[in-house]
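A short worksheet on the structure shown next.
Numbers restart at 1 for each chain; the letters A, B, ... are given by sequence-line order, proteins then strands. The model shown is predicted, which means the values in this text are computed figures rather than measured ones.
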Amino acid sequence: MDERFTDALSQLADYTSQHVLLSAAALALGVAISLPVAVLASRRPRLRFTALAVASLVQTIPGLALLALFYPLLLGLSALTVKLIGTSVPALGFLPSVLALTVYSMLPILRNGVTGLLGVDAAYLEAADGVGMTSRQKLLRVELPLAAPVFMAGIRTAAVWTIGMATLSTTVGQTSLGNFIFSGLQTENWIAVLIGCAAAVALALVADWALGLIEAGAVGRRMAPTVTGSAVLAIGIAAAAMPMSGSHSRGYVIGAKNFSEQFILAELMAERLEAAGQRVERKQGLGSAIIFRSLAGGDIDAYVDYSGTLWANVLARSDVMPREAMLEALTAALRERYGVTVLGALGFENAYALAMRAARAAEAGIATIAELAPLTPGLKLGSDLEFLGRPEWAALKQAYGLRFAEEKSYNPTFMYRAIADGSVDVISAFSSDGRIAADNLKVLADVKHAIPAYDAVILISPRRRNDETLRAALAPLIGAIPVELMRQANYMLDRDTGKATVREAARFLEAGAGLSGR
Amino acid sequence: MASAPLIELINVTKSFDGERSHALRDASLRIDTGGFIALVGTSGSGKTTALKMINRLIEPDRGEVRFEGEAVASLDAPTLRRRIGYSLQGIGLFPHMTIGENIAITPQLLGWTKGDTAARVAELLDLVELPRSYAARLPRALSGGQRQRAGVARAIAARPRVMLMDEPFGALDPVTRDTLATSYRTLHERLGMTTVMVTHDVQEAVLLANRIVVMSAGRIVADDTPGALLSGHASAEVSALMAMPRRQAERISEILQAGGREIPRHPPHG
C-alpha cells in the first residue's frame, strides 16, 4: 500500500478523536448557552431581536477569522489573569477552538429554539395554566417537550456546521481532521486531504444520523430511536475520550509553521523525543507571530524559527548585523525579554530571497536585486501569504526602490506553480527550498544587505529551559543540517511526483545528518 | 352568619386595547354553591373574559373577584387553579402525553401518591365512560368526542368544587355534542359541583343550566332561570336571543305537521 496512505491512516484515530471531542464540547456548550437564551428570548421580544441579530452577525464572520480573533482575545485575557491570579489562560489549541465553534454553533440552535417555543399552540399554554402549572412547570412539561423537535433540528444543523468548521481549528494549534487537510495542501499530499475530507464528512453524517434518530424519537414519542441515537453519540464520544484519559502527564509539544521544512523539522524533533520514551504532541500550521507567542507563553515547548524573522518580528529591529553577531544579540535579547532559550543554529539558512526563472534572468542580464529594481514596473511579484506584510519586504522595497506592476499572494505551493507557468515574474523564494534548484530558479543577490540572515534556530520555551530530556534529544541537531541536505528533504515533499511523507523526509534528514543510529 | 357566595365578581372592568373598548364594563355577578350557570351572549359580549377572571387566566383592570370569600388577586394563581376545574374550547389535551398522563396532571401537581393518582385515573375513565385501556393512548388516537370526555376527566381529576367550561362542546358534531352535554349534566348532579359554562348556543344553555346570565357589550343584561327568560324580558335584545330555541322548535313542528304534503326535492324514480 502507498506509504502516504498508511501514514495518514496511522494518524486517523488521533485526529478523529480530537476532532470528535472538540466538536462535542463546542456543541454541548452551544446547547447549554443557547437553550436558556432561547427560552428568555421567546418571552422578551427585545431580547429576541438582539440575540438573533448578534448570532446572525457572528455567523457572517468567516470561520477562519473567528478562530483568529479568539487568539488575541485570549492573549489579553491571559495577561489579565496572570496579573490577577497568577495563572495564564492558553491562547492556542483547544480553548480558542472550542470558544469559536461554540459561538458559531449558536445561531441555528437559538433560532430554532425561539421558533419552536413561539410555535407552541396557545391552547396548550392555556390548558397548562388552567390545570394549575407554575410558569416553570409549564416550560418544562409543556413548552420544551412540544418545541423539542424543532430544537433538535437546530442542534442537527449546528452539529454538521461545527464538525465541518472544526477542521479550521488546526490553524490555531488544535489537532483535528483539518491537520490532514492543511498539511496535505502544503505538501500537495492529496491523499491526506481526501482522507481528512472524507473523515470529516463521515463524522458529520454519523452525528446527523444519530441526532436525527433522537429527533424522530422526540417527535413520535418512541423510546427506541432516542435510545439508539443517544447510545451512538455517547459511545462515539467515550471512544474519542479514551486515549486522552490514558496518560495524565502532558507530553512535549512541538510546534511547526505552515510549510514543508517546518513539518519535517518538527517531525524530526518529535521523533527524537519519542525515541527517548516521551509523549509528544505536534501542533502544526501555526502562523509566524502566533508560534513565537505560544512558545513564550508555554503552549508549545520547542520549534524551529529563523534568526532574521525573530530579529524583525519579535525584536522589531530593522538594522542589519553580521550573521554571528546577530545570533548572539538575538540569543541574549530573547532570554532577557521572554525567557526563551535559543538552543542553537541547525546549520542552514532559510532566507527570504527574490527569485526568477534562471533563463529569464539570464536573458535580462539580472543577477542581483539592484539590477532587477529598474525593471520592476513591468514585472509581477508573487509572494507567500505573509511576505507582503513583513518588515523584510518593506526593507527591500525601500533599499532598492522596488515598484512591481502587480503583487499577488499565494499559498507557497501555488506560488512556485505561478512562477513556473509565468503568472508572475519574480517570487519571494526561500533559500532552503528544494524547488529553487529543481525548478531552475535564480536567487537574486541582496547586494545592499537590506535583509538580515535567516539561520534556522531551535527555540525552547521558558518552562522547559532546564529540561535535560528535551535538550539531550535536540542538541545533536545543532550544526548538523547543511542547506543542501535541507533542500533535498524539502524537495521530497514539494516535488510533483513520487512525494514522500513527512515522516520519510524526517528520517532522511536524520540519516543525512548522521544521527539515525538510535 | 350568612355564608359568603362561592364566586363573586364585583364591579369588574377589563379592556384589552387601552380603554378604547371594554370586554367587561362594571360587571357584577354572584354565584352560589351547586348551580349550573350558563353565560350566553354573542361573540365579544365579554362572557369568556368573565369566566377566565374566576381562575385568574385574565386579571381585571378594576373591581374585584372573590372565590370562597377571598379576593383571588391575593391567592397564588397556580394553587387557585388546582382547586378549580377548567375545560376549554380546544380541549387542550397535551399531545405529547398519554390520556392517562393528561388526566393525572393536577393530582400530580398537588403531590398525590402514584397509587392514588393511578386509582383516580381509572375511576375517572369509568366516570366519563371511556375504556380504561385508553389511558395508554395518545390524544391523537381518540375521536373528538372521546377527547372531550378525557378533557372533562382531566378537569375534575382533583375533585374541584367548581368547574369552569369555555364552549366545551363547541367543536363537536350535534349528536356527540348532545350525548356529551347530557352525560356532563348527570356528572354535575352526581358530584354536587358548581358549573359555570360559557356558550353561544342558547338552546344548550336552556337545556343544561338552571340559571342563565345574558351578556352584551361587556355588561350583564339579564340574569334569571331559563323558564323566566323564555317567557319574555324587558330588553328586546334579550327577548330576541331567548326566543331563538322556541322559534326553531316552532319551525320544526310546522315541518312535521306538513307531513307528506311537502314537495319532494328529488322526483321519485320509476
Side-chain angles (χ1 to χ4, degrees), chain A residues 35 38-39 42-43 45 112-156 211-227 229-230, chain B residues 48 51-52 54-59 75-98 101-111 136-141 147 150-158 160 162-168 170-171:
Chain A
L35 193 82
V39 169
S42 71
R43 279 152 173 66
N112 279 42
V114 169
T115 309
L117 286 169
L118 290 180
V120 173
D121 191 329
Y124 302 132
L125 301 182
E126 193 185 325
D129 283 330
V131 298
M133 289 189 188
T134 61
S135 57
R136 187 189 156 81
Q137 288 165 336
K138 182 161 72 166
L139 176 69
L140 294 179
R141 295 179 179 221
V142 178
E143 291 177 87
L144 287 180
L146 289 179
V150 187
F151 247 117
M152 279 308 299
I155 294 173
R156 277 174 80 173
L211 288 167
L213 279 181
I214 297 177
E215 183 188 336
V219 172
R221 270 185 58 93
R222 284 172 296 129
M223 285 302 284
T226 308
V227 169
S230 309
Chain B
T48 299
L51 183 85
K52 289 184 178 176
I54 298 169
N55 64 353
R56 287 191 67 184
L57 287 174
I58 294 176
E59 307 279 1
L75 300 172
D76 174 53
T79 313
L80 172 73
R81 292 171 191 150
R82 291 171 198 174
R83 288 161 59 192
I84 300 177
Y86 181 61
S87 166
L88 66 159
Q89 192 167 10
I91 309 173
L93 288 177
F94 301 121
H96 59 296
M97 299 182 192
T98 62
E101 287 166 347
N102 264 289
I103 295 176
I105 283 181
T106 308
Q108 230 180 44
L109 294 175
L110 287 167
R137 296 197 183 180
L138 286 174
R140 63 166 177 259
R147 264 185 286 202
V152 168
R154 181 173 74 180
I156 61 174
V162 175
M163 177 76 151
L164 306 180
M165 303 180 103
D166 184 9
E167 300 274 6

Closest-packed option against chain B by number of heavy-atom pairs under 4.5 Å, given A:Ala148, A:Pro145, A:Ala123: A:Pro145

field: Most contacts with chain A, counted as non-hydrogen pairs under 4.5 angstrom, among B:Leu57, B:Ile84, B:Leu110
entry: B:Leu57

query: Taking B:Leu88, B:Leu164, B:Leu80 one by one, which has the highest count of heavy-atom pairs under 4.5 Å against chain A?
result: B:Leu88

Any idea which heavy atoms bring [X] and [Y] closest together, and the distance?
| X | Y | answer |
| --- | --- | --- |
| A:Leu146 | B:Pro95 | CD2-CG, 3.5 Å |
| A:Ala127 | B:Gly92 | CB-O, 3.3 Å |
| A:Val131 | B:Leu109 | O-CD1, 3.7 Å |

Could you please show the donor-acceptor pairs under 3.5 angstrom between chain A and chain B, with distances rounded to 0.1 Å?
{"unit_1": "A:Glu126", "atom_1": "OE1", "unit_2": "B:Lys52", "atom_2": "NZ", "d": "3.3"}
{"unit_1": "A:Glu126", "atom_1": "OE2", "unit_2": "B:Lys52", "atom_2": "NZ", "d": "3.1"}
{"unit_1": "A:Glu126", "atom_1": "OE2", "unit_2": "B:Tyr86", "atom_2": "OH", "d": "2.2"}
{"unit_1": "A:Val131", "atom_1": "O", "unit_2": "B:Thr106", "atom_2": "OG1", "d": "3.3"}
{"unit_1": "A:Gly132", "atom_1": "O", "unit_2": "B:Arg82", "atom_2": "NE", "d": "2.7"}
{"unit_1": "A:Gly132", "atom_1": "O", "unit_2": "B:Arg82", "atom_2": "NH2", "d": "2.9"}
{"unit_1": "A:Gln137", "atom_1": "OE1", "unit_2": "B:Arg82", "atom_2": "NH2", "d": "3.1"}
{"unit_1": "A:Arg141", "atom_1": "O", "unit_2": "B:His96", "atom_2": "NE2", "d": "2.6"}
{"unit_1": "A:Arg141", "atom_1": "NH1", "unit_2": "B:Gln108", "atom_2": "OE1", "d": "2.9"}
{"unit_1": "A:Arg221", "atom_1": "NE", "unit_2": "B:His96", "atom_2": "O", "d": "3.1"}
{"unit_1": "A:Arg221", "atom_1": "NH1", "unit_2": "B:His96", "atom_2": "O", "d": "2.1"}

statement: Cut-off 4.5 Å, heavy atoms of chain B, and the answer for A:Ala128 is both

statement: Turns out that what part of B:Leu138 lies under 4.5 Å from chain A's heavy atoms comes down to side chain

